[in-house]
Q: 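Take a look at the following structure, please.
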Number of protein chains: 2
Amino acid sequence: MGEPIYKIIENHVKELIKTNDLKQGDMIPSEKQLSEEFEVTRMTVRSALNNLVKEGYITRRRGVGSIVLGSKIYDNISAISGFTKEMQNKGYEVSNILVDFNIIEADEELSKKLNIPIGDNIWEIKRVRMADKIKISYMVTYMPIKLFPNLNQKHCIGSLYEYVESICGYKIAISERSVEAIISDVELEDILDLNKKEPILYIRQACRIENGEVFEYSHTYHYGYTLTLNAVAK
Amino acid sequence: MGEPIYKIIENHVKELIKTNDLKQGDMIPSEKQLSEEFEVTRMTVRSALNNLVKEGYITRRRGVGSIVLGSKIYDNISAISGFTKEMQNKGYEVSNILVDFNIIEADEELSKKLNIPIGDNIWEIKRVRMADKIKISYMVTYMPIKLFPNLNQKHCIGSLYEYVESICGYKIAISERSVEAIISDVELEDILDLNKKEPILYIRQACRIENGEVFEYSHTYHYGYTLTLNAVAK
DNA sequence: GAGTGGTCTAGACCACAAT
DNA sequence: TTGTGGTCTAGACCACTCG
């Protein structure tokens with residue numbers, strides 16, 4: 001079998017929303033109508049529609065129907081799309097400078113954060129990120145070598161997330177971030193060409209692939225940058 | 001019928017995880033075993049297990065089984081649970097001081113953010129939030145009077161999110177936040193009893209109920225506070 | 001080969017909202 | 001009363017993983 005039918009129905013409805021055939025507040029065809037149109041049972045249709053609910057496209061009400069939610073918010077719903085995509089979406093030209101690329105051994109903290117044994121080998125990647133030729137963030141990323149045996153310096157120039165998904169074939173599933181405001185120190189001012197004591201967003205993030213393994217733990221220092229977040233309830 | 005069976009199964013497994021009968025990495029009983037234990041069909045069990053996947057408790061692999069994920073990350077998965085719940089979960093005693101409670105008219109910015117006509121009446125709520133008797137954030141909230149005709153000052157002492165969900169019966173669906181680091185100014189230092197020029201998290205948030213309407217737009221200034229975020233892909 | 005989860009059928013009864 | 005989505009049955013065949 002190729003693509004499962006529920007996926008086909010899912011994409012069909014997504015397409016209707018994207019092409020504006022269905023707008024915010026519109027009712028999508030009922031389960032019965034869709035099951036007749038695609039000649040499948042209601043259960044198959046329900047599986048498609050429940051996925052659309054999960055992804056924030058529609059909401060459903062018993063006795064009423066399935067309603068299209070506002071698309072604006074849901075456009076970039078991938079809250080962990082990664083920095084590169086996020087900035088490109090805002091119209092900036094994004095590039096990375098690779099500052100350091102090492103293999104280190106997991107200490108106690110990294111072993112906890114990455115959920116691997118102490119002493120395991122880890123890629124340590126230090127990068128400065130540029131938007132339109134201005135340095136705006138410094139990022140230190142740790143990734144288990146076990147998961148990425150073939151990572152090299154070239155991959156670090158582009159989007160690491162794209163490498164993880166497109167080339168390695170992992171599906172990025174969930175991330176935990178903590179966000180703090182701090183004041184820059186001399187080291188950071190040096191790296192990012194800042195004035196003294198600038199306000200900085202300090203973000204620590206652990207990111208998992210679908211099977212639950214942590215594939216990345218990172219520290220990021222953002223200057224003059226607004227983090228945009230879309231959160232879905234529950 | 002009372003609680004649906006799939007919910008019962010869901011809670012059963014959650015309980016096993018919470019009591020540590022099932023630990024991270026453990027396999028939960030197979031669909032077949034659960035369907036025999038609860039005397040239901042596999043479809044019913046699947047509905048329960050798929051919800052557990054959605055909520056981040058387990059991951060599933062064809063040919064292998066359903067595996068318990070690390071609970072740490074997934075505990076407070078409701079990324080817009082609101083500040084009160086978020087801090088209580090961390091063990092702080094939380095309270096609010098109502099600083100100001102007004103009716104104002106929507107200017108151009110607020111009309112855009114709340115998606116209502118210019119001139120519409122809005123509640124303007126200014127609060128200081130305390131954790132264990134220390135002032136840690138200042139919050140200015142705007143809510144359309146149209147949606148909350150009966151809001152009063154008492155509701156602002158507790159959790160506004162709880163008021164919106166429990167008393168008004170709205171279901172909070174999605175929020176969009178932007179997060180920045182700033183340096184405190186004199187006004188903020190005064191309000192929050194800060195030293196001069198402290199690093200502050202400045203968060204603007206628009207929050208929607210299920211039908212897509214914006215019910216809240218707010219500015220929050222957090223001091224000494226780490227924002228925790230769980231993001232789910234797509 | 002045995003066991004797992006993934007997809008799907010062809011029905012059923014129910015709770016809820018709108019008219 | 002009609003139409004919607006919510007729950008559930010008792011099967012089926014399939015794709016995948018592992019020993």
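In what follows, chains are A, B, ... by sequence order, proteins preceding strands, each numbered from 1.
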Q: Are Ser66(A) and dG5(D) close enough that a side-chain N or O sits under 4.0 Å from OP1 or OP2?
A: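 Checking dG5(D) against Ser66(A), a side-chain N or O does come within under 4.0 Å of OP1 or OP2.
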Q: Could you check which of dC8(C), dT4(D), dG5(C) has an atom nearest any side-chain atom of Met43(B)?
A: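 Closest of the options to the side chain of Met43(B): dC8(C).
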Q: For Arg62(A) and dC14(C), what is the distance between atoms CZ and C1' respectively, to the nearest whole Å?
A: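 About 8 Å, once rounded to whole Å.
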Q: List the residues meeting salt bridge (charged side-chain N to carboxylate O under 4.0 Å, His left out) with Asp26(A), not counting sequence neighbours, and say none if there are none.
A: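 Partners of Asp26(A) by the salt bridge (charged side-chain N to carboxylate O under 4.0 Å, His left out) criterion come out as none, since no residue qualifies.
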Q: Spell out yes or no: do the side chain of Arg42(A) and the base of dG6(D) have one donor N/O and one acceptor N/O closer than 3.5 Å?
A: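 Result: at least one qualifying N/O pair found.
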Q: Check the distance between dG6(C)'s P and Ile8(A)'s CD1 and give it to me in whole angstrom.
A: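 That distance rounds to 18 Å.
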Q: Heavy atoms from C-beta onward define the side chain here; which of dC8(C), dC16(C), dC8(D) lies closest to that of Ile5(B)?
A: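 Shortest atom-to-atom distance from the side chain points to dC8(D).
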Q: List the residues meeting salt bridge (charged side-chain N to carboxylate O under 4.0 Å, His left out) with Lys32(A), not counting sequence neighbours, and say none if there are none.
A: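 By the salt bridge (charged side-chain N to carboxylate O under 4.0 Å, His left out) rule, Lys32(A) matches Glu36(A).
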Q: How many Å lie between CD1 on Ile67(A) and C1' on dC16(C), as a whole number?
A: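 After rounding, the gap between these two atoms is 13 Å.
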Q: Specify the residue among Ile28(B) and Val40(A) whose closest nucleotide of DNA chain C lies further upstream toward the 5′ end.
A: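 Its nearest nucleotide lies further toward 5', so the answer is Ile28(B).
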Q: Nearest whole Å is fine: how far is dT9(D) P from Phe38(B) CZ?
A: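 Computing the Phe38(B):CZ to dT9(D):P distance gives 13 Å.
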Q: In whole angstrom, give the distance that lies between atom CG of Asn50(A) and atom C1' of dG6(D).
A: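 Rounding to the nearest Å, CG of Asn50(A) and C1' of dG6(D) are 10 Å apart.
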Q: Within the pair Tyr6(A) and dT7(C), is there a side-chain N or O less than 4.0 Å away from OP1 or OP2?
A: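 It does, given that an N or O in the side chain of Tyr6(A) lies less than 4.0 Å from OP1 or OP2 of dT7(C).
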Q: What's Thr41(B) touching, base or sugar-phosphate or nothing? Going by heavy atoms closer than 4.0 Å.
A: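 Result for Thr41(B) = base.
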Q: Establish, with yes or no, whether the OP1 or OP2 oxygen of dT9(C) is under 4.0 angstrom from a side-chain nitrogen or oxygen of Thr44(A).
A: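 Result: yes.
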Q: Fit a plane to each ring of Phe101(B) and Trp123(B), take the angle between them on a 0 to 90° scale, and name the class: parallel (under 30°), tilted (30 to 60°) or perpendicular (over 60°).
A: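 Geometry flag for Trp123(B) against Phe101(B): parallel rings.
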Q: Could you state the atom-to-atom distance from CD of Glu31(B) to C1' of dG6(C) in whole Å?
A: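 After rounding, the reported distance stands at 8 Å.
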Q: If you only use heavy atoms from C-beta on, which nucleotide in dT7(D), dT4(C), dT4(D) is closest to the side chain of Ser30(B)?
A: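 Ranking dT7(D), dT4(C), dT4(D) by closest atom to the Ser30(B) side chain puts dT4(C) first.
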Q: Whole Å only: how far is the NZ atom of Lys32(B) from the C1' atom of dG6(C)?
A: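 Result: 17 Å.
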Q: Is the shortest side-chain heavy-atom distance between Leu16(B) and Ile28(B) below 4.5 Å?
A: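 No. Closest side-chain heavy atoms not under 4.5 Å.
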Q: For a quick test of reading the model: is some side-chain N or O of Arg46(A) closer than 4.0 Å to OP1 or OP2 of dG6(D)?
A: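 Checking Arg46(A) against dG6(D): at least one side-chain N or O falls below 4.0 Å of OP1 or OP2.
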Q: Assign the ring pair Tyr217(A) / Tyr142(A) to parallel, tilted or perpendicular, where the plane angle (0 to 90°) is split at 30° and 60°.
A: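 Rings of Tyr217(A) and Tyr142(A): parallel, under 30°.
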Q: Nearest whole Å is fine: how far is dC16(C) C1' from Arg60(A) CZ?
A: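 Rounded to the whole Å, the gap is 14 Å.
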